[in-house]
Amino acid sequence: MKLGFGLYRHMLNTEHYNFAKQCGATHLVIHLVDYFGHNKDNADQPIGGKEGWGKAGNPNEIWSLEELLAIRKEINDHGLELEAIENFDPAHWHDILLDGPKKEQQMANLKQLIRNVGKAGIPVFGYNFSLAGVAARTQAPYARGKAISVGMDGGDDTPIPNGMVWNMVYDENAPEGTLPKIEHVELWSRLQYFLNEILPVAEEAGVKMAAHPDDPPMPYVRDTPRLVYQPHMYQKLIDTRHSPSNNLEFCLGSIAEMTEGDVYEATDTYSKQGKISYIHFRNIVGKVPNYKEVFVDEGDIDMFKILRILKNNNFDGVLIPDHTPQMTCDAPWYAGMAYAMGYMKAGLKAINE
């Protein structure tokens, strides 16, 4: 197993590459979507709200091969490997999610993007097929010692306004109103279209498409259905189209928050299948609709038990802390991440002795 680090777009610079290296990381998972257009001062992770995370990117410009090669070279020059890009920009696939009139044009662009990712030598692309995206979360001193963290305290059935999907605004001039209500069968049908189109291209490009479970894992969020809100639903996604490129972005926190199943059984099941591309290694207390994210060593999950399961099943992918509570000091995000990384590094050493 490899120790990795996740970086948001505004963190793709020497300072953060060096910090990741200092923490013991060998690999990076990066975000190229800018979730922080309206929240630059506290950009530890996007929280958002009913107004979303801000404006989506340029719908006419996918990430080019030249841009991806330059980012990868910069990361390699700092002694790190680029393992994955996480998440499409809503501007690039909103009509694929919504079954809108531009979905075929957008799918052609996504196919080219995945070809670019493959040519740039980036092995994994993570995604979350969701209309609401990461929503309905709160922020408060939930973790040990009153450390600021995120959680959920009840659901959110506020309809999503037109022009927004995946928590970002792709059309500021959209007509008044909200997204039409659909049910789960329709969302699975849209996913089927996406996988049927993208997986053959991903196979040819040598890229694994890694699906994130719903966060938070509720049947409905913001009056929209969710796909993977129980552990067994990951299997349904895998079986929707059998492909060596149909993989999982395995978030331990999200899976432990689910009301059914067992995080250890799920880890064993999907790692045995060789379907886990990389892992969000974080801990929680509680289950939806009432849970809190906490320090990696204080939650409901026995993280060492998870590591032993992964070792027994010969998992050789990347673990990243994803996000973590902020510590009370001059550099809350850095301190929280360093704490998590130190625990993870010690855990990996311990199970290999």
Side-chain angles (χ1 to χ4, degrees), residues 1-33 35-36 43-46 68-87 117 120-126 149 207-208 210 212 247-253 267 271 276-283 293 295-297 299 301 303-304 306-308 310-311 314-327 329 331-353:
M1 284 176 275
K2 309 174 186 75
L3 187 60
F5 204 86
L7 291 177
Y8 296 118
R9 176 145 205 155
H10 65 282
M11 297 174 173
L12 300 182
N13 53 45
T14 293
E15 176 187 359
H16 289 91
Y17 299 148
N18 288 344
F19 177 70
K21 188 78 173 176
Q22 290 160 15
C23 286
T26 56
H27 291 67
L28 292 183
V29 173
I30 68 169
H31 297 256
L32 295 182
V33 184
Y35 316 116
F36 300 97
D44 64 299
Q45 65 167 304
L68 298 175
L69 285 170
I71 292 170
R72 184 186 170 203
K73 181 179 185 303
E74 186 176 68
I75 289 170
N76 292 163
D77 287 347
H78 286 82
L80 297 160
E81 295 295 328
L82 177 51
E83 179 71 7
I85 297 172
E86 190 163 319
N87 295 333
V117 169
I122 304 166
V124 181
F125 198 103
S149 185
V207 176
K208 305 285 189 183
H212 193 289
N247 271 33
L248 309 177
E249 177 188 336
F250 202 75
C251 180
L252 291 170
T267 302
S271 60
I276 300 176
S277 283
Y278 64 97
I279 294 175
H280 285 177
F281 198 84
R282 62 178 179 84
N283 215 332
E293 295 186 15
F295 288 108
V296 67
D297 62 333
I301 309 172
M303 305 304 268
F304 273 62
I306 293 289
L307 290 175
R308 287 191 289 270
L310 293 171
K311 182 183 179 183
N314 299 311
F315 175 72
D316 193 36
V318 172
L319 312 173
I320 71 167
D322 186 26
H323 39 78
T324 187
Q326 299 178 69
M327 302 187 81
C329 61
W333 180 86
Y334 294 96
M337 281 294 183
Y339 184 90
M341 292 288 284
Y343 181 93
M344 293 167 68
K345 191 169 180 64
L348 290 176
K349 182 176 175 61
I351 67 161
N352 287 319
E353 287 183 345

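Here the structure is a predicted model, which means the values were calculated and not measured.
Closest heavy-atom contact between C329 and A335: SG-CB, 3.6 Å. Between N247 and S277, the shortest heavy-atom contact is ND2-OG, 3.1 Å.
Distance check: I301 CD1 to T267 OG1 gives 8.0 Å after rounding to the nearest 0.5 Å. The distance from the CD1 atom of I30 to the CG atom of N87 is 11.5 Å, given to the nearest 0.5 Å. We find the CZ-CD1 distance between R9 and I85 to be 9.5 Å, quoted to the nearest 0.5 Å. The structure places CG of D322 at 4.0 Å from NE2 of H280, a figure rounded to the nearest 0.5 Å. Atom-to-atom distance recorded for L80:CG and E74:CD is 11.0 Å, nearest 0.5 angstrom. The line from CE of M303 to CZ of R282 is 9.0 Å long, rounded to the nearest 0.5 Å.
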(request) Report the C-alpha distance between M11 and F19 in whole Å, list the side-chain angles of each, state the deciding distance to 0.1 Å, and finish with yes or no for side-chain contact (heavy atoms from CB on, under 4.5 Å). (result) CA-CA 10 Å; M11 297 174 173; F19 177 70; over 6 Å; no
(request) Take L319 and L310, measure what side-chain contact (heavy atoms from CB on, under 4.5 Å) needs, and give me the verdict at the end. (result) CA-CA 11 Å; L319 312 173; L310 293 171; 4.1 Å; yes
(request) For the pair N352 and M1, evaluate side-chain contact (heavy atoms from CB on, under 4.5 Å) and give the outcome as yes or no after the intermediate values. (result) CA-CA 10 Å; N352 287 319; M1 284 176 275; 5.8 Å; no
(request) Please lay out, stage by stage, how V318 and V124 fare under the test side-chain contact (heavy atoms from CB on, under 4.5 Å). (result) CA-CA 11 Å; V318 172; V124 181; over 6 Å; no
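Every residue two or more places apart in sequence or in another chain that forms a side chain to side chain contact (heavy atoms under 4.5 Å, CB included) with A120 is listed here: L65, L68, L69, I122.
Side-chain contact between E83 and L28 is absent, with no heavy atoms from C-beta onward closer than 4.5 Å. Inter-residue side-chain proximity for H16 and Y334 is flagged as met; some heavy-atom pair is nearer than 4.5 Å.
Under a 3.5 Å cut-off, the side chain of S149 and the backbone N or O of E293 do form a donor-acceptor pair. Side-chain atoms of N283 come within 3.5 Å of backbone atoms of V296 as a donor-acceptor pair (strictly under, hydrogens ignored). A donor-acceptor pair is defined here as one N or O able to donate and one able to accept, closer than 3.5 Å; no such pair exists between the side chain of N13 and the backbone of Y17.
Ring orientation note: the planes of F5 and W333 are nearly perpendicular, at an angle over 60° on the 30°/60° scale.
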Donor-acceptor list for residues 339-351 side chains, cut-off 3.5 Å, not counting sequence neighbours:
residue	atom	partner	partner atom	Å
Y339	OH	R144	NH2	3.1
Y339	OH	D297	OD1	3.4
Y339	OH	D297	OD2	2.8

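Applying the side-chain hydrogen bond (donor to acceptor under 3.5 Å, both in side chains) rule to pairs touching residues 21-32 yields H31-Y35, sequence neighbours excluded.
Separation of the Y278 and H212 ring centroids does not fall under the 6.0 Å cut-off.
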